[in-house]
There are 2 protein chains.
Amino acid sequence: MATTQAAAVDRPPTIHDIAALCGVAASTVSRALSTPDRVNIRTRQRIEAAAAQLNYIPNSQAKALSSGRTGAVGVLVPDITNPFYFDLIRGTQLQLKAAGYTQLLVDTEESDEVEASTMEQLRKSADGIVVAASRLSDEALLAAAAKMPMVTVNRDVPGVPAVLIDTPSATTQALDHLISLGHTDIAYMAGPLTSQSSTRRWTALAEAAKERGVEVRALGPFAPKTQSGAVAADAAVHSGVTACIVFNDLIAIGMLQRLRERSIRVPEDMSIVGCDDIFGADFCNPPLSTMASPIEQAGRVAVSMLLAQLNPVAGGVTRSRSVMPTHLTVRGSTGPAPGMH
Amino acid sequence: MATTQAAAVDRPPTIHDIAALCGVAASTVSRALSTPDRVNIRTRQRIEAAAAQLNYIPNSQAKALSSGRTGAVGVLVPDITNPFYFDLIRGTQLQLKAAGYTQLLVDTEESDEVEASTMEQLRKSADGIVVAASRLSDEALLAAAAKMPMVTVNRDVPGVPAVLIDTPSATTQALDHLISLGHTDIAYMAGPLTSQSSTRRWTALAEAAKERGVEVRALGPFAPKTQSGAVAADAAVHSGVTACIVFNDLIAIGMLQRLRERSIRVPEDMSIVGCDDIFGADFCNPPLSTMASPIEQAGRVAVSMLLAQLNPVAGGVTRSRSVMPTHLTVRGSTGPAPGMH
DNA sequence: AAGGTATTGGCAACCGGTTGTCATTTCGCC
DNA sequence: GGCGAAATGACAACCGGTTGCCAATACCTT
């Protein structure tokens, strides 16, 4: 039989249901749940019990609307299918979840426009964003950071908190490694022009090369995909170098494949050093020598920095810059220069 | 000088700002933007111009709260670092973005509990969900599907719309391939017990083997990680089989590494067939023969089915099941059985 | 026991849209 | 020119929480 009094309807319970059940005002319920110490302990326990009984789950939309905080953090990556970002994403996801935040993951498709419009979109629906390998200009990034809390990964813009992966110094390790193997003709296979990581690596590498009196030439740019490896490999062979330090593992693995097709032996005829130590770098053929860094941790740190920015602790210092150590992992793709023993 | 009239404040514009600028009611603005044909064309154009001028972006929270529709879709995957899901995620993301939806990606950590609680959470903040390789029981899944629109991927539960990747039939292809190479001792390296995909593959494989009069034994279960490859490889060697059909490429690649360590040659001593054709399957050593399927497309189809469910079109038929074709891709990890030519 | 302070709980406005209702306008038609 | 129907726009309630403000209550002190 139909009844006018709201029975246990199927609609999810709200604070009003709890309030009615406990005989208090809705606002009291709200306070009991979000500002526990502003409510009588007994009342609070009654409310909590009722909430548990009703299987209450707060409506995040409503919460966001009224409080202005969404409890969500946007994570922007240029290419979601690039294995490099898997670990980063997992790091951010774990850290965000631990803090009770939701992750909004967006693939910006290597496009500065998509990146910018996404940021504008997220301005309303997220409390802050983590931007990996931004393709935006320094000015655009700085302007965006002024509008909403932001932490960048692998992008150094003064005034914007950042997690930097210290690949530049690793390129020096790679260079020394190659020099110690007798290589003197070395190329740097560059990434996209808009990638600051690529620029920073090249700068560091060129300087180190100069100090050591060897010559390193830059080739490229190459898109960060395995497919680009073919062009890159051909360019390297044509240039006559005996070793390559490659922008990232994706391209490096592509080069490995192409060199194999062309019957150019790695590392006997050509040594290859990648960067990132992505999934696959350890089981490609030959296994790739590469510059490895704690990517997942970088993701966690980025989130920590962002959350510290969102919820400032009295007396806490907010770091605005964090550098992740990087080291060279030598596997099978590097060996003595041709003609050396 | 201070002014009481709200000038161009920094706060993002709302429909009220637009309404004030146009001299109409806020509700008119709302209608003009969401139900364009219920408003005078001239008024609408004025409103649209004002919206553009103010750079108006609707507040998705408020929209969700009042309309009940969030414009977001949850995508649940068991392990975000499993390359198999990259393409799936990219597929869902592309299709969702094209339809103006937001993707909420969650890693359920291969846990049925995380999966269940995530669903409960998402019930409020998403309009529907895509669940890949669910670890939930049929009953739990059916119950969850009753509460919110859902499409599963690689999980067949009557009454729940699903995108199925036809790996079972591919196992038959793999079996025939191995038989044609002279193998008679074949093992199936099983995935997690809670994975229906694994069960379905085994069922299909066992039946096909029976028809063909060969014996196939099941080994495992093994966790879907490269690390499990070592145990799997050792188990395979110990069992004396000459070929393995493996639950997925992750385990298969791990096996390849282990067999190499143990100096067991692939494919001379042992043939390996993987499943999924993930990133890396083409450049591991040797390149992996595997069962490939259009994963990204599976993601797109799953989203299409979900959206069709959310926005039923008059006269449109809603497919509740879609099977993606799968075929065997032969590379270097399969060869003639030992002693055959 | 009375006065004071600290704590607690309720009211109501508000966040930014959506949507039902209804009065008004506009238009077409006879 | 006047009528009716359709189109249009304004009002206000509502979604589910948060929060400022104030009154009421409790507790403590002298």
Side-chain angles (χ1 to χ4, degrees), chain A residues 6 9-48 50-51 54-72 100 102 121 123-127, chain B residues 6 9-48 50-51 54-72 100 102 121 123-127:
Chain A
V9 281
D10 202 7
R11 179 181 49 80
T14 72
I15 53 169
H16 297 98
D17 299 325
I18 301 179
L21 191 61
C22 295
V24 300
S27 60
T28 305
V29 177
S30 172
R31 274 195 247 284
L33 297 175
S34 50
T35 333
D37 37 296
R38 287 197 34 74
V39 150
N40 180 302
I41 177 96
R42 291 202 320 276
T43 309
R44 188 184 65 182
Q45 285 170 343
R46 242 172 55 218
I47 290 174
E48 284 170 347
L54 293 175
N55 196 15
Y56 168 75
I57 296 178
N59 181 318
S60 54
Q61 325 281 348
K63 192 176 272 192
L65 184 56
S66 55
S67 68
R69 280 167 274 112
T70 63
T102 300
Q121 197 72 37
R123 200 174 152 194
K124 299 272 187 47
S125 46
D127 294 342
Chain B
V9 281
D10 202 9
R11 179 181 49 78
T14 70
I15 53 169
H16 298 97
D17 300 324
I18 300 179
L21 191 62
C22 295
V24 298
S27 59
T28 304
V29 177
S30 171
R31 274 194 246 284
L33 297 175
S34 50
T35 331
D37 38 297
R38 285 194 42 70
V39 150
N40 183 301
I41 178 93
R42 293 202 319 275
T43 310
R44 188 183 66 183
Q45 285 170 346
R46 243 172 54 218
I47 289 174
E48 283 170 349
L54 291 175
N55 197 14
Y56 168 75
I57 297 179
N59 181 317
S60 53
Q61 326 282 347
K63 191 175 272 194
L65 184 55
S66 54
S67 69
R69 281 167 273 113
T70 63
T102 300
Q121 198 72 35
R123 201 175 150 192
K124 299 271 188 49
S125 46
D127 294 341

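Just so it is clear: chains get the letters A, B, ... in the order the sequence lines come, proteins before strands, and each one is counted from 1.
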Below 3.5 Å between N/O atoms, which protein atoms pair up with nucleotides 22-28 of chain D? Just atom names and distances, please.
none

>> Applying salt bridge (charged side-chain N to carboxylate O under 4.0 Å, His left out), can you list everything that pairs with A:Arg44, at least two apart in sequence or on another chain?
In response: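 For A:Arg44, the residues satisfying salt bridge (charged side-chain N to carboxylate O under 4.0 Å, His left out) (neighbours in sequence not counted) are A:Glu48.
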> For A:His16 and D:dA13, what is the distance between atoms NE2 and P respectively, to the nearest whole Å?
Replying inline: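 That distance rounds to 16 Å.
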> In whole angstroms, how far is the C1' atom of D:dG9 from the CD1 atom of B:Ile18?
Replying inline: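 After rounding, the gap between these two atoms is 16 Å.
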Name the nucleic acid region contacted by [X], choosing base, sugar-phosphate or nothing; use a 4.0 angstrom heavy-atom cut-off, strictly under.
X: A:Arg44; result: nothing
X: B:Arg42; result: nothing
X: A:Thr43; result: sugar-phosphate
X: A:Asp37; result: sugar-phosphate

> Bend across the helix from C:dA1-D:dT30 to C:dC30-D:dG1, to 10°, with axes taken over 5 pairs at each end?
Replying inline: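 Nearest ten degrees gives 30° for this helix.
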>> Quick check: on DNA chain D, is the nucleotide nearest B:Asn40 upstream (toward 5') of the one nearest B:Ala62, or the reverse? Name the residue that is more 5'.
In response: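 Comparing both residues, the 5'-ward one is B:Asn40.
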> Contact boundaries of DNA chain C with chain B (under 4.0 Å, heavy atoms), 5' to 3'?
Replying inline: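 On DNA chain C, the outermost contacted nucleotides are C:dG16 to C:dT21.
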> Going by the side chain to side chain donor-acceptor pair (under 3.5 Å) test, which pairs reach into residues 55-70 of chain A, not counting sequence neighbours?
Replying inline: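 Residue pairs with at least one partner in residues 55-70 of chain A: A:Thr70-A:Asp127.
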>> Rounded at 0.5 Å granularity, tell me how far CG in A:Asn40 sits from CD in A:Gln45.
In response: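 So the CG of A:Asn40 and the CD of A:Gln45 are separated by 9.0 Å.
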Could you list the donor-acceptor pairs under 3.5 angstrom formed by side chains in residues 15-37 of chain A, with sequence neighbours left out?
unit_1	atom_1	unit_2	atom_2	d
A:Asp17	OD2	A:Thr14	N	2.8
A:Ser34	OG	A:Ser30	O	2.7

> When you measure from every atom of DNA chain C, which of residues 19-32 of chain A have a heavy atom less than 4.0 Å away?
Replying inline: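 The answer is A:Val24, A:Ala25, A:Ser27, A:Thr28, A:Arg31.
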